[in-house]
Amino acid sequence: MLDIQILRKNINDVETALLKRGIVFDTETFLQLETKRKEIQIKTQELQARRNKLSKEIGLIKKQGGDAEPILKEVSEIGDTLKQSEQELGKVQKSLDTLLHGIPNLPHETVPQGVAEDDNVENKTWGDRKTFDFKPKDHVELGEITGMLDFDAATKISGSRFVVIKGQLAQLHRALIQFMLNTHVNEHGYTEVNVPYIVNSDSLFGTGQLPKFEDDLYKVPRQKAEIYEIPVDIESENKSSGNDDGEEYYYLLPTAEVPVTNLAREEIFSASDLPLKFACHSPCFRSEAGSYGKDTRGMIRQHQFEKVELVHMVHPDNSYAALEELTGHAEVILQKLDLPYRVMTLCAGDMGFSAAKTYDLEVWLPGQSRYREISSCSNCEDFQARRMMARWRNLETNKPELIHTLNGSGLAVGRTLIAIMENYQTSDGKIMIPDVLQEYMGGISEIG
RNA sequence: GGAGGGAUGGCAGAGUGGUUGAAUGCACUGGUCUUGAAAACCAGCAACGGGGCGACCCGUUCGAGAGUUCGAAUCUCUCUCCCUCCGCCA
């Protein structure tokens, strides 16, 4: 969520910044709403002040045993006007909120202009792409040969975009999780957390998935206490547009970023608490609505996958240094696994809703002969913090101020598994185990 | 599933219709004292929003929402969450 003060004072800057993302901001509508808001708010508050003043006088008069009748009459006349004014204000506020909640974060000045993937900028590449003296297979073929990736079984059990991993490959998958967590906790100073996989709408609002991206999420009906049906004809008039079904659903987490970042929701940290760094392994659930036909082959894009997520909560001055650090931590995993990758700075138009700047790590997949995203590391600045009121106390001002939040994958486990399969394959379809993982695999050096 | 009890400022915890945005303690900030620190003492200290160049002024907020009232932390209703006991259970 943007600071509404920026919209009020520097609307042109906002327009320009959003244009960098390829978004044309409806300044006209905003200014109209804002003018209306100001007018109604001032009027409402004047009425409230008058009512409060008179009510206090009534209290005093009654205490002294005087006659409050004249004032009582005057104040009761304010009632209707005030109520109407308050309702009007509520409507305008709501429209403004809806508008504000739908505006994505403004890109940092170092973010390249652009609207799509093609405009992302390559920062660096790491590692040598291995050359094979045979035609490298992709993970689907390798999975078939070894019998350890079973898409048909998953289709039977669940449907498309699921997979069953079997045998030593499942073990390798588990080994990757241990390896990633251990590295981040023991070498990078993260605190490991284990979180709920079902989250509420407040949490999703906090990180920015709601209200705009509800279609991407799996909803879980929530058990509600039984309530009596209210006869429709009586009640329907009064139930205005504000009839959100707010807490009727839980949601499956699309990323551990949601529960972990929300640890900071409505908290005020002391300056010495920061930075906080959390590492969390979790499954992730995504409906993938709107991605029909995209990445249908293999386990690149699944409804359910596992990920080790890194989250930083930092002093606002340090968030860009933290972004470099966090990205570096994700890179370490790829380096230790000796998987070739490149680092991309996402262009403004390709960034997620909450991000001010994002680096993507893309791993080389020889079976597909291309780089594929395996981690996305973002600085959200105060965008999420404002939505969830995550603050720290500045001792210089003695006031609570917004923290900055960052998140990144360190790494996506399923895609890392694919990368190992494709990069470490042998001509007869076996998979070599990267050195650093062998201790997690009972010392073996090859599977398949 | 059954029976009770609760939710108030950063934290703990008073407050049951009228200058209560809220006693008190802790924490925090500034000061006195001290060689320095601690202790003691003095003072300050909720958040959010609006108006004004500004000194300031105003509004909202005591889990959330609705209601009663001239006036609600306090009364009514609904919801959410937490705690205790019993039952069941990985």
Side-chain angles (χ1 to χ4, degrees), chain A residues 1-9 33-83 85-90 92-94 96-97 100 194 196-203 205 222-230 234-250 262 264-274 382 385-403:
Chain A
M1 188 160 80
L2 300 183
D3 184 355
I4 195 163
Q5 300 299 347
I6 296 179
L7 288 160
R8 289 189 185 138
K9 289 170 188 159
L33 278 169
E34 178 58 14
T35 308
K36 206 167 157 193
R37 185 228 100 224
K38 191 163 171 175
E39 181 193 316
I40 299 173
Q41 183 164 0
I42 288 172
K43 181 181 154 203
T44 306
Q45 293 187 350
E46 274 171 1
L47 287 167
Q48 287 170 330
R50 180 99 188 115
R51 178 204 58 196
N52 291 346
K53 188 164 171 273
L54 293 175
S55 292
K56 268 180 187 169
E57 280 175 28
I58 291 169
L60 280 176
I61 289 169
K62 288 203 166 177
K63 212 175 216 173
Q64 292 160 6
D67 176 21
E69 230 8 81
I71 301 183
L72 269 171
K73 196 175 173 197
E74 187 185 349
V75 79
S76 66
E77 280 163 10
I78 297 176
D80 286 346
T81 323
L82 177 58
K83 197 162 229 173
S85 190
E86 279 172 341
Q87 274 169 3
E88 233 176 304
L89 180 62
V92 179
Q93 289 282 22
K94 195 166 178 178
L96 270 173
D97 285 345
L100 195 62
N194 189 286
Y197 301 153
I198 297 178
V199 296
N200 61 31
S201 57
D202 285 344
S203 294
F205 177 82
R222 182 174 178 146
Q223 260 188 326
K224 287 202 90 176
E226 254 182 75
I227 48 172
Y228 293 111
E229 285 290 323
I230 297 159
I234 296 175
E235 211 41 35
S236 57
E237 275 300 306
N238 302 335
K239 296 264 172 177
S240 62
S241 55
N243 195 7
D244 294 341
D245 53 359
E247 281 302 86
E248 278 197 46
Y249 292 97
Y250 282 124
N262 272 277
R265 173 146 57 91
E266 288 151 49
E267 295 289 338
I268 301 177
F269 299 108
S270 69
S272 58
D273 290 337
L274 304 176
D382 63 12
R386 185 171 292 105
R387 290 170 90 93
M388 62 172 80
M389 290 294 274
R391 295 169 295 174
W392 65 288
R393 191 171 293 277
N394 185 343
L395 285 184
E396 283 170 29
T397 59
N398 211 25
K399 292 282 172 197
E401 295 173 14
L402 298 171
I403 60 168

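Order of the sequence lines sets the chain letters (A, B, ...), proteins ahead of strands, with each chain counted from 1. The basis for the numbers below is simple: all heavy atoms, side chains too, and nothing from hydrogens, waters or symmetry mates.
- Nucleotides A7(B) and A73(B) place their P atoms 15 Å apart, quoted to the nearest Å.
- Figure legend. G17(B) is base-paired to no nucleotide; pairs are counted as Watson-Crick or G-U wobble with both atom distances under 3.5 Å.
- Between Gly59(A) and Glu34(A), the one whose closest nucleotide on RNA chain B sits nearer the 5' end is Gly59(A).
- Spacing between atom CD1 of Ile42(A) and atom C1' of G49(B) amounts to 12 Å, rounded to whole angstrom units.
- For the pair Lys38(A) and G51(B), the criterion of a side-chain N or O lying under 4.0 Å from OP1 or OP2 is met.
- Side chain of Asn200(A) to main chain of Tyr250(A): no donor-acceptor pair is present (N/O by atom type, distance under 3.5 Å, no hydrogens or angles).
- Among the atoms of the strands shown, none is found under 4.0 Å from any heavy atom of Glu39(A).
- In this entry A7(B) has U80(B) as its Watson-Crick or G-U wobble partner, both defining distances falling under 3.5 Å.
- The partner of A39(B), taking Watson-Crick or G-U wobble pairs whose two distances both stay under 3.5 Å, does not exist in any strand shown.
- Comparing G18(B), G49(B), C28(B) against the side chain of Gln41(A) picks out G49(B) as the nearest.
- Across A72(B) and U60(B), the matching C1' atoms stand 14 Å from one another, rounded to whole Å.
- In this structure, the side chain of Arg386(A) engages the main chain of Met1(A) through a donor-acceptor pair within 3.5 Å.
- Spacing of C1' atoms, G4(B) relative to A14(B), comes out at 24 Å, to the nearest Å.
- Residue-level contact check: Ile71(A) touches neither bases nor backbone, having no heavy atom under 4.0 Å from any strand.
- Leu82(A) has its CG atom 14 Å from the P atom of U69(B), to the nearest Å.
- Counting heavy atoms from C-beta on, the side chains of Asn52(A) and Lys56(A) never come closer than 4.5 Å.
- Not counting sequence neighbours, the partners of Glu74(A) by the salt bridge (charged side-chain N to carboxylate O under 4.0 Å, His left out) test are Arg50(A).
- For the pair Leu100(A) CG and G49(B) P, the interatomic distance rounds to 12 Å; values are reported in whole Å.
- For Leu72(A) and Leu60(A), each mapped to the nucleotide of RNA chain B holding its nearest heavy atom, the one lying further toward the 5' end belongs to Leu60(A).
- To the nearest angstrom, P of G49(B) lies 11 Å from NZ of Lys9(A).
- Under the Watson-Crick or G-U wobble criterion, with both distances below 3.5 Å, U34(B) is left unpaired in every strand shown.
- Separation of the P atoms belonging to G1(B) and G9(B) is 30 Å when rounded to the nearest angstrom.
- Counting heavy atoms from C-beta outward, Leu33(A) and Arg37(A) have side chains that stay 4.5 Å or more apart.
- Between the CD1 atom of Ile61(A) and the P atom of U19(B) there is a distance of 15 Å, rounded to whole Å.
- Base-pair partner of A47(B): U60(B) (Watson-Crick or G-U wobble, both distances under 3.5 Å).
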Extract from the structure each pairing of a protein N or O with an N or O of nucleotides 45-48 of chain B at less than 3.5 Å, listing the distance.
from, atom 1, to, atom 2, distance (Å)
A47(B), OP2, Lys399(A), NZ, 3.2
A47(B), O3', Arg391(A), NH1, 3.0
C48(B), OP1, Arg391(A), NH1, 3.3

| field | Base versus backbone protein contacts along nucleotides 57-64 of chain B [heavy-atom cut-off under 4.0 Å; B, S, -] | value | -BSS----

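- By the 6.0 Å contact criterion, CD on Gln5(A) is enclosed, its count of non-hydrogen atoms from other residues, nucleotides or ligands being greater than 12.
- The distance between atom CG of Leu47(A) and atom C1' of C70(B), rounded to the nearest whole Å, is 14 Å.
- Nucleotides C42(B) and U61(B) are separated by 35 Å at their P atoms, to the nearest Å.
- Distance, Tyr249(A) OH to U80(B) P: 16 Å, rounded to whole Å.
- Between the side chain of Ser85(A) and the backbone N or O of Thr81(A) there is no donor-acceptor pair closer than 3.5 Å.
- Rounded to whole Å, the separation between the P atoms of G10(B) and G49(B) comes to 15 Å.
- Side chain of Ser203(A) to backbone of Val199(A): no donor-acceptor contact under 3.5 angstrom is found.
- Distance check on atom P: C85(B) versus C11(B) gives 26 Å, rounded to whole Å.
- The NZ atom of Lys56(A) sits 8 Å away from the P atom of U19(B) (whole-angstrom rounding).
- With no hydrogens or angles considered, a side-chain donor-acceptor pair links Thr397(A) and Glu401(A) at under 3.5 Å.
- Formation of a donor-acceptor pair under 3.5 Å by the Asp273(A) side chain with backbone atoms of Ser270(A) is found in this model.
- In this structure, the side chain of Asp382(A) does not engage the main chain of Ala385(A) through any donor-acceptor pair within 3.5 Å.
- Taking the ring centre of Phe269(A) as origin, the terminal cationic atom of Arg393(A) falls outside the region bounded by 6.0 Å and 45° from the ring axis.
- Within 4.0 Å (heavy atoms only), Lys62(A) reaches at least one base atom of the nucleic acid.
- On the P atoms, G2(B) is 34 Å away from G17(B), given to the nearest whole Å.
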